[in-house]
Protein chains: 2
Amino acid sequence: MARKAAAAVTSADVARLAGVSRATVSFVLNNTQAHRVSEATRAKVLAAADTLGYVPHAAARSLRAGRNNLVLIPAAVSAMGRLVSGWTDDLHTELERYGYTAVLHAGRFSDPGTAARAWAELRPGAVLALDGTSLDGAAVNVLRRAGVRALMALAPQPVEGVCTVVFDDRRVGVLAAEHLVAQGRRRIGVVMPRERGLAAFAEPRLAGARSVAARTTATVARVDMEYTHASAAELANGWAERGLDGVFAYNDEYAALLLAVLRDAGVGVPGDVAVVGCDDLVTAALQRPALTTIRLEVPSAARVAAALHDLIETGTAAPLPAVEPVLVRRESA
Amino acid sequence: MARKAAAAVTSADVARLAGVSRATVSFVLNNTQAHRVSEATRAKVLAAADTLGYVPHAAARSLRAGRNNLVLIPAAVSAMGRLVSGWTDDLHTELERYGYTAVLHAGRFSDPGTAARAWAELRPGAVLALDGTSLDGAAVNVLRRAGVRALMALAPQPVEGVCTVVFDDRRVGVLAAEHLVAQGRRRIGVVMPRERGLAAFAEPRLAGARSVAARTTATVARVDMEYTHASAAELANGWAERGLDGVFAYNDEYAALLLAVLRDAGVGVPGDVAVVGCDDLVTAALQRPALTTIRLEVPSAARVAAALHDLIETGTAAPLPAVEPVLVRRESA
DNA sequence: CCGGGTTACTTACACGAGTAACCAAGAAGG
DNA sequence: CCTTCTTGGTTACTCGTGTAAGTAACCCGG
């Protein structure tokens with residue numbers, strides 16, 4: 001049908017219809033306190049804006065103002081567990097309360113520099129990275145130079161110029177491995193998802209587990225796996241050869257998959273092999289055997305939103321508590 | 001640390017450093033074919049842009065051009081199942097191939113009109129709604145008037161002025177109910193998630209199931225449930241009173257939760273009650289009993305991206321195939 | 001020495017909105 | 001009557017970018 005793109009309605013159109021100047025329209029629609037407008041013309045303007053269906057042009061506005069109310073969250077949706085995705089939605093509403101518009105961008109760029117430049121083009125007020133890697137020094141430079149006021153990240157350690165919520169994936173690996181070792185396990189496997197985008201979380205966890213092995217008599221083996229039935233089944237069928245007696249399964253979803261195929265392959269859990277997951281999803285407690293897992297205590301969305309607001313407005317914010325991993329012991333390990 | 005926000009670098013800065021006019025900078029950086037620039041100055045400009053770390057200002061650019069390369073996808077992240085979230089990520093990369101920047105916006109607005117206006121402010125080139133309700137007639141009007149060129153939606157039936165991928169949630173309910181009835185079940189429960197944002201999908205499914213009941217001897221009861229262990233367990237404990245012999249569980253995740261609590265409560269599946277899920281997740285086949293579910297064949301992300309591109313450029317696009325629900329029969333029903 | 005063509009670059013304006021500075025008219029005060 | 005203040009509006013400039021139109025320099029044929 002492609003009706004000819006009727007030129008979008010601007011504040012000039014509203015002004016013409018209301019019979020006033022464009023400035024007056026702006027004063028009315030923004031409730032500018034510094035200028036008095038008679039009740040009569042105010043009504044005329046509002047009526048005109050309404051009948052024309054006027055919507056301000058965010059680009060024009062932010063060009064003039066030199067800032068906008070965008071908060072950019074670079075993150076692949078499919079890489080978020082249930083935990084994080086719920087948290088992200090909450091953050092959206094919290095930020096809206098402050099007048100910000102949060103947007104997610106899931107773009108996968110080959111080059112991290114390209115990614116940073118793409119984000120910088122939007123000139124968001126803030127960038128909040130949910131993985132530890134995408135906000136590296138170079139990216140920080142690009143974003144700062146583009147005038148982004150607030151940078152925040154979940155990262156294993158503070159980055160210069162970035163307000164970090166410390167989240168040490170390494171600690172997660174340490175915690176899992178320590179528990180397995182404490183249960184008397186010595187040959188520990190760490191499941192590494194093949195799905196792209198997850199390596200950033202998985203690698204440090206593996207490293208953490210390795211560090212535990214280094215100071216005990218245990219060994220750690222890397223176990224690659226895809227989140228498909230076929231890949232998991234193949235893994236389970238060759239299980240005996242690996243000779244593992246403990247596994248840290250990246251997260252509860254991979255753990256659930258693993259439990260299912262191990263059961264089908266006749267491998268006993270926790271008898272033959274102990275399994276630890278991560279995230280403490282609703283379903284973790286309902287697995288049989290009930291899944292031992294690691295819960296992550298993330299600072300509330302409201303708190304993070306407040307910190308972002310402070311960061312944008314004043315340039316500093318009260319430090320946020322770290323993400324604390326806590327082992328939840330059940331039956332599987 | 002709050003280093004004083006060093007004014008962002010503009011193309012004028014680049015021009016000054018390179019000793020040329022701003023226009024020349026623009027010609028070089030955009031590879032404008034219509035204008036010839038000597039190799040020497042081209043190099044100077046590129047060098048200057050590089051040392052300054054220049055990044056164009058998307059707002060200014062789109063203001064001038066009258067259009068931008070944004071594709072807005074309004075959708076709550078937590079409401080997406082694994083199926084859709086993977087698809088969304090793919091769509092991001094496909095759209096990037098055409099030069100578009102896709103962004104997700106998860107804002108929950110009380111008023112749908114407010115939502116449409118918030119999207120319109122960004123003046124995206126396209127809006128792709130993943131639920132059937134958010135792009136209603138009013139929203140279409142607002143967006144069209146704001147100059148949004150392409151509107152696309154997954155919706156139960158074509159909406160005037162919107163390129164729809166027909167996805168009839170009602171059909172899903174019909175399919176599930178028909179299967180249960182064919183298995184001899186007569187008292188069917190439909191699990192309705194209490195989580196906000198899911199009603200848009202759940203209600204039509206319930207309606208579909210009801211329509212099947214209306215033309216058979218079966219009855220359909222609404223079963224509200226939250227995605228928590230507590231809520232599910234409460235449901236399972238009072239199961240006998242409900243007297244249901246078949247359940248359609250909204251999706252595979254709710255189904256998995258339900259299977260677990262029913263098992264704990266000693267209710268036999270499929271003996272006492274047959275259970276049907278939806279989405280055909282990886283874990284569905286691994287439940288015990290293996291979950292009978294409904295798979296949704298969604299048009300490929302590449303295809304949708306191409307259609308969006310056509311829609312933005314030419315105003316029309318070849319119609320996309322509908323999302324086809326297919327029953328995958330396993331053990332649970 | 002002049003008109004015509006190229007090449008390489010610049011000047012000037014437009015996009016849509018916000019806002020400082022200005023201005024006309026009427027009221028109040030002397 | 002002349003100043004000063006208030007009220008209610010307007011004009012003019014700005015943000016950073018793209019691009020149409022203009023121009024200066026040079027070469028060439030006649």
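Everything numeric here is computed off the predicted structure, so don't read it as measured data. Just so it is clear: chains get the letters A, B, ... in the order the sequence lines come, proteins before strands, and each one is counted from 1.
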Asks: Between atom CG of L91(B) and atom CD of E96(B), what is the distance when rounded to the nearest 0.5 Å?
Replies: 10.5 Å
Asks: Among side-chain atoms of T88(A) and S85(A), is any donor-acceptor pair under 3.5 angstrom?
Replies: no
Asks: Establish, with yes or no, whether the OP1 or OP2 oxygen of dA8(C) is under 4.0 angstrom from a side-chain nitrogen or oxygen of S38(B).
Replies: no
Asks: Between dT17(D), dG18(C), dG16(C), which nucleotide gets closest to the side-chain atoms of A60(B)?
Replies: dT17(D)
Asks: In whole angstroms, how far is the P atom of dC9(C) from the CD atom of E39(B)?
Replies: 10 Å
Asks: Are the side chain of T32(A) and the backbone N or O of A34(A) linked by a donor-acceptor pair below 3.5 Å?
Replies: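 Side chain of T32(A) to backbone of A34(A): no pair is present.
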Asks: What is the separation between atom CG on L29(A) and atom C1' on dG18(C), rounded to the nearest whole Å?
Replies: 12 Å
Asks: How would you label the contact of T41(B) with the nucleic acid (heavy atoms, under 4.0 Å): base, sugar-phosphate, or nothing?
Replies: sugar-phosphate
Asks: Select base, sugar-phosphate, or nothing to describe what T10(A) touches, counting heavy atoms under 4.0 Å on all strands.
Replies: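 Sugar-phosphate contact only.
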Asks: Restricting to non-hydrogen atoms, name the atom on P74(A) and the atom on W119(A) that form the minimum distance, rounded to 0.1 Å.
Replies: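 Heavy atoms of P74(A) and W119(A) come nearest at CB-CZ2, 3.3 Å.
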Asks: Calculate the interatomic distance between H57(A) atom NE2 and dC15(D) atom P; express it in whole Å.
Replies: 19 Å
Asks: Expressed in angstrom and rounded to an integer, what is the separation of N69(A) atom CG from dA17(C) atom P?
Replies: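 Interatomic distance, CG of N69(A) to P of dA17(C): 15 Å.
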Asks: Please state whether the base of dC9(C) and the side chain of H35(B) form at least one donor-acceptor pair under 3.5 Å?
Replies: yes
Asks: Let me know the distance between CZ of R67(A) and C1' of dG18(C), rounded to the nearest Å.
Replies: 14 Å
Asks: Roughly how many Å is it from CZ in R123(B) to P in dC15(C), rounded to a whole number?
Replies: 14 Å
Asks: Write down the distance between CZ (R16(B)) and P (dT10(C)), rounded to a whole number of angstrom.
Replies: 14 Å
Asks: Hey, does the side-chain of R22(A) have a donor or acceptor N/O within less than 3.5 Å of a partner on the base of dG18(C)?
Replies: yes
Asks: By nearest atom, which of the nucleotides dT17(D), dT7(D), dA17(C) is closest to the R61(B) side chain?
Replies: dT17(D)
Asks: Nearest whole Å is fine: how far is dG16(C) P from Y54(A) OH?
Replies: 10 Å
Asks: Kindly indicate whether the side chain of R64(A) and the base of dT14(D) share any N or O donor-acceptor pair separated by less than 3.5 Å?
Replies: yes
Asks: With respect to the side chain of R36(B), which nucleotide from dT10(D), dT7(C), dT10(C) is positioned closest?
Replies: dT7(C)
Asks: Give S11(A) one of three labels, base, sugar-phosphate or nothing, depending on what nucleic acid heavy atoms sit under 4.0 Å from its own.
Replies: sugar-phosphate
Asks: With a cut-off of less than 4.0 Å, is there a side-chain N or O of N30(A) near OP1 or OP2 of dA17(C)?
Replies: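 It does not, given that no N or O in the side chain of N30(A) lies less than 4.0 Å from OP1 or OP2 of dA17(C).
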Asks: Using a 4.0 Å heavy-atom cut-off, does A23(B) contact any base of the nucleic acid, only the sugar-phosphate backbone, or nothing at all?
Replies: base
Asks: On DNA chain C, does the nearest nucleotide to P56(A) precede the nearest nucleotide to V20(B) from the 5' side, or the other way round? Give the residue.
Replies: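 Going by which nucleotide is closer to the 5' end, it is V20(B).
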Asks: Select from A59(B) and F27(B) the residue whose nearest nucleotide in DNA chain D is closer to the 5' end of that strand.
Replies: A59(B)
Asks: Using a cut-off of 4.0 Å on non-hydrogen atoms, how would the nucleic acid contact of V25(A) be classed: base, sugar-phosphate, or nothing?
Replies: nothing
Asks: Using the ring of each side chain (for Trp, its six-membered ring), is H105(B) parallel, tilted or perpendicular to H92(A), with breaks at 30° and 60°?
Replies: perpendicular
Asks: Has R117(B) got a side-chain atom pairing as donor or acceptor with P56(A)'s backbone, closer than 3.5 angstrom?
Replies: no
Asks: Nearest nucleotide by nearest heavy atom, which residue falls closer to the 5' end of DNA chain C, G19(B) or A34(A)?
Replies: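 Nearest nucleotide further toward 5': that of G19(B).
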